Amino acid sequence: MSKNFPKIELIDLKKRYLDEKNNLLKCFKKVLKNGTLVLTDEVKNFEENICNYTGSKYCLGLNSGTDGLMMALWSLNIGRGDEVITSPLSFIASVAAIVHVGAKPVLVDVKNDLNIDENLIEKSISSRTKAIMPVHWTGKICNMKKISQIAKKYNLHVIEDAAQGMGSYYNNKHAGTFGTISAFSAHPLKKFKRSWRWWFYYYK
């Protein structure tokens, strides 16, 4: 490799900081001046804005997408002895969240678009299956019409891993609004059509 080959940053955080420095410092100063870092008006406004943007009824801001998925599983009483169908192509958090609550991940292969193959889901359902966790890979939404039909047929929850789905739509509905509960991400590598977001999940 040539020594003159330019270094290309995957995420140019330095440039983003310089571009947004003044606004960021104003936000930091305002929050710190109030003497609290949790349950602030900024978080409340953020949650309300997400609801308005996605067409969702509820939103809860969290520290990470991993926690969002785990809380989704816990809130649905999914745990030891249960099974959750999901995609093998995802960040480790999808499977890790399932394992963390004591459940068993059941992996279903993906299609050419790298999303879970909805035509293979049914044969992976057992008496222990409690939920389907589709992963909207790189902003491409899974076939939620078919997945929702399967979930309804077998009385299963749908937990959307919409970490990369902010700003994506399927049949005029925003990602994360098809299932029982979903989780989004604000990691800089995620695909967003708007500004950076925090991690959060919300009920439909």
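This one's a predicted model, so the numbers in the text were calculated from it and none came from an experiment.
No donor-acceptor distance shorter than 3.5 angstrom exists from the side chain of Asp67 to the backbone of Leu62, with no hydrogens or angles considered. Checking side-chain atoms of Ser75 against main-chain N and O of Ala72 turns up a donor-acceptor pair under 3.5 Å. Side chain of Asn115 to backbone of Trp137: a donor-acceptor contact under 3.5 angstrom is found. Counting only distance, with no hydrogens or angles, the side chain of Ser182 and the backbone of Ile159 share no donor-acceptor pair below 3.5 Å. Side chain of Asn34 to backbone of Lys30: a donor-acceptor contact under 3.5 angstrom is found. Listed for the Asp161 side chain is a donor-acceptor partner under 3.5 Å among the backbone atoms of Ala163. A distance-only check finds a donor-acceptor pair linking the side chain of Thr54 to the backbone of Ile50 [under 3.5 Å].
Using modelled atom types and a 3.5 Å distance limit, the side chains of Tyr58 and Glu47 yield no donor-acceptor pair. No side-chain donor-acceptor contact under 3.5 Å links Ser185 and Gln164. A donor atom on one side chain and an acceptor atom on the other are found under 3.5 Å apart for Lys146 and Asn119.
With Ile132 as the fixed residue, the side-chain contact (heavy atoms from CB on, under 4.5 Å) test singles out one of Thr180, Val84, Thr86, Ile150: Ile150.
Atom NE2 in His136 sits 14.5 Å away from atom CG in Leu114 (nearest 0.5 Å). A distance of 9.5 Å separates CG in Asp117 from CG in Asn143, rounded to the nearest 0.5 Å. Taking CG of Leu32 as the start and CG of Leu25 as the end, the distance is 10.5 Å to the nearest 0.5 Å. The CG atom of Leu69 lies 11.0 Å from the CZ atom of Phe91; values are rounded to the nearest 0.5 Å. To the nearest 0.5 Å, atoms SG (Cys142) and NZ (Lys111) are separated by 7.5 Å.
Nearest heavy-atom pair, Ala183 versus Gly65, reported as atom, atom and distance to 0.1 Å: CB-O, 4.3 Å. The two residues Met133 and Ser94 make their nearest non-hydrogen contact at SD-O, 3.9 Å.
Between His174 and Phe184, the angle of the ring planes lies from 30° to 60°, which puts this pair in the tilted group.
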